[in-house]
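When reading the values below, keep in mind they use all heavy atoms of this one structure, side chains included, and skip hydrogens, waters and symmetry mates.
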Amino acid sequence: MSRRLVSLLSCLTFWLVTALSFLGAALVSAEQMNAVIPAPQTEAWWSDRHERALSRVRRGHVDLLFIGDSITQGWEEEGRRVWDTFYGRRRAVNLGFNSDQTDNVLWRLQHGEIDGITPKLAIVMIGTNNTTMREDPPDHTAAGIQAVLTTLRTRLPQTKILLLALFPRGVSADDPNRRVNQAVNERLRPFADQRHVFFLDLGPRFLDKVGRLSEDVMPDALHPNERGYRLWAEGMEDLVKTLLGE
């Protein structure tokens, strides 16, 4: 069987599994559909950032994508020096948008942000705003993340995907936000087929021995500082090298 046919069958299988998941979602509640129906944010800054992303993508020469929310956008702020060290030479593009939920990412992916490019790797972390801003249950958030993966697999069939577990949130292990994000993470592992989609949980790198999240890593118990971004980059570097074929 040819490699192209195998890739096509794998993609069709992924589509079928996701379609069945969406059908189940539709039967559960309208709220769950919010996570899987593409929708833009309405603020002017968000539209402006989307236009800048389109301008960068149209220039081509993209090998590595980061897709996510404010935690990913923060590579341009607290994480800038770490980004320059690890990704400055890798033709990387940051598609992180503050406050994004899965439906916002879906809209962006379907409106030009991955058109005309064939990156080697897309790193995805999204969903923490689903669980807090809209208080989506874990199954709903996971369905939205699966929709993002399906969109990437369909539009970028040659691109490998590194799906990251949601980072720890809240100072203590019993924080409600931490618990709901962990419940989402438990649903993400089966999405990885170890051929096209890979899963990595970097959460333990940010925690101390009793599971507390230090302000020395994430001052607001959500967004990494420079040290946190270095822990992030170092924690996935070996796998990133492998998936980029370096």
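In this structure the side chain of I145 reaches within 4.5 angstrom of the side chain of V184, judged on heavy atoms. You'll find the side chain of V217 stays beyond 4.5 Å of the side chain of R205, heavy atoms only. No side-chain heavy atom of R230 sits less than 4.5 Å from a side-chain heavy atom of R81. Side-chain contact between L231 and F206: present, with at least one pair of heavy atoms (C-beta onward) separated by less than 4.5 Å. Side chains of V148 and L109 form a contact here, defined as non-hydrogen atoms less than 4.5 Å apart. Residues D115 and R155 are in side-chain contact: their nearest non-hydrogen atoms beyond the backbone lie under 4.5 Å apart. Looking only at side-chain heavy atoms (C-beta outward), V57 and I114 stay at 4.5 Å or farther from each other. Using a 4.5 Å heavy-atom cutoff, the side chains of R80 and D84 are in contact.
In the hydrophobic clustering of this structure, V82 groups with L239; members are Ile, Leu, Val, Met, Phe, Trp, Tyr whose side-chain heavy atoms approach within less than 4.5 Å, directly or through other members. Cluster annotation: I71 is not connected to V171 through the hydrophobic network of ILVMFWY side chains, with a link wherever side-chain heavy atoms come within less than 4.5 Å. In the hydrophobic clustering of ILVMFWY residues, with side-chain heavy atoms under 4.5 Å counting as a link, V105 and F97 come out apart. In the hydrophobic cluster analysis, where Ile, Leu, Val, Met, Phe, Trp and Tyr join through side-chain heavy atoms closer than 4.5 angstrom, W107 is grouped apart from L149.
In this structure, R187 contributes its side chain and A183 its backbone to a donor-acceptor pair below 3.5 Å. Judged purely by atom type and a 3.5 angstrom limit, R49 uses its side chain to pair as donor or acceptor with the backbone of G96. Checked by atom type and distance alone, the side chain of R134 never pairs as donor or acceptor with a backbone atom of Q101 at under 3.5 Å. Counting only distance, with no hydrogens or angles, the side chain of T151 and the backbone of A147 share a donor-acceptor pair below 3.5 Å. Without hydrogens or angle criteria, R56 side chain to G60 main chain gives a donor-acceptor distance under 3.5 Å.
Taking a 6.0 Å sphere around CD of E77, one finds it holds more than 12 heavy atoms contributed by other residues, nucleotides or ligands.
The minimum heavy-atom distance linking M218 with P168 is given by the pair SD-O, 4.0 Å. Closest approach of L207 and G211 over heavy atoms only: CD2-O, 3.7 Å. Contact record, L54 with H111: CD2-O, 3.5 Å, taken as the closest heavy-atom pair. Of all heavy-atom pairs between T154 and P157, the closest is O-CD, 3.7 Å.
Residues that satisfy the side chain to side chain donor-acceptor pair (under 3.5 Å) test with D220, not counting sequence neighbours, are H223. Scored by the side chain to side chain donor-acceptor pair (under 3.5 Å) test, E237 finds R90 as partners (sequence neighbours excluded). With sequence neighbours left out, R58 forms a salt bridge (charged side-chain N to carboxylate O under 4.0 Å, His left out) with no residue at all. Considering only residues two or more places apart in sequence or on other chains, D216 meets the side chain to side chain contact (heavy atoms under 4.5 Å, CB included) condition with S214, R227. Looking at residues two or more places apart in sequence or on another chain, you find a side chain to side chain donor-acceptor pair (under 3.5 Å) between T132 and R169. Among residues two or more places apart in sequence or in another chain, the side chain to side chain donor-acceptor pair (under 3.5 Å) test is passed with T102 by N130. With sequence neighbours excluded, the residues satisfying side chain to side chain contact (heavy atoms under 4.5 Å, CB included) with V180 are T131, P138. Residues satisfying the side chain to side chain contact (heavy atoms under 4.5 Å, CB included) test with A173, not counting sequence neighbours, are R178. The side chain to side chain contact (heavy atoms under 4.5 Å, CB included) test applied to R89 returns E246, not counting sequence neighbours.
Distance check, rounded to the nearest 0.5 Å: CD1 of I67 to CG of L162 gives 11.0 Å. Rounding to the nearest 0.5 Å gives a distance of 7.5 Å between CD1 of I117 and OG1 of T159. Taking CG of L166 as the start and CG of N185 as the end, the distance is 4.5 Å to the nearest 0.5 Å. Rounded to the nearest 0.5 Å, atoms OG1 (T128) and CG (N177) are 7.0 Å apart. Within the model, atoms CD1 of I123 and CZ of F198 stand 12.5 Å from one another, a figure rounded to the nearest 0.5 Å. Here the CG atom belonging to N94 is positioned 6.5 Å from the OG1 atom belonging to T72, to the nearest 0.5 angstrom.
In this pair, W83 and F66 present their aromatic rings tilted. The plane angle is within the 30 to 60° band. Using cut-offs of 30° and 60° on the angle between ring planes, the pair Y87 and W75 is perpendicular.
Pairs passing the salt bridge (charged side-chain N to carboxylate O under 4.0 Å, His left out) check and including a residue from residues 61-71, sequence neighbours excluded, read D63-R91. For residues 118-139, the set of pairs meeting the ring pair (Phe, Tyr, Trp, His ring centres under 6.0 Å) definition, not counting sequence neighbours, is empty.
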| Which is it for R179 and D174 under the side-chain contact (heavy atoms from CB on, under 4.5 Å) test, yes or no, and what are the steps along the way? | CA-CA 7 Å; R179 287 182 170 180; D174 60 356; 3.6 Å; yes
| said: Please determine whether side-chain contact (heavy atoms from CB on, under 4.5 Å) holds for the pair L164 and W232, giving the CA-CA distance in whole Å, both sets of side-chain angles, and the decisive distance to 0.1 Å. | reply: CA-CA 10 Å; L164 298 180; W232 179 355; 3.4 Å; yes
Just distance, no hydrogens or angles: give the donor-acceptor pairs under 3.5 Å from side chains in residues 36-47, sequence neighbours left out.
{"from": "Q41", "atom 1": "NE2", "to": "N98", "atom 2": "O", "distance (Å)": "2.9"}
{"from": "Q41", "atom 1": "NE2", "to": "D100", "atom 2": "OD1", "distance (Å)": "2.7"}
{"from": "W46", "atom 1": "NE1", "to": "D100", "atom 2": "OD1", "distance (Å)": "2.8"}

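Electrostatic pairing of D193 and R153 does not count as a salt bridge here, judged by no charged N lying under 4.0 Å from a carboxylate O.
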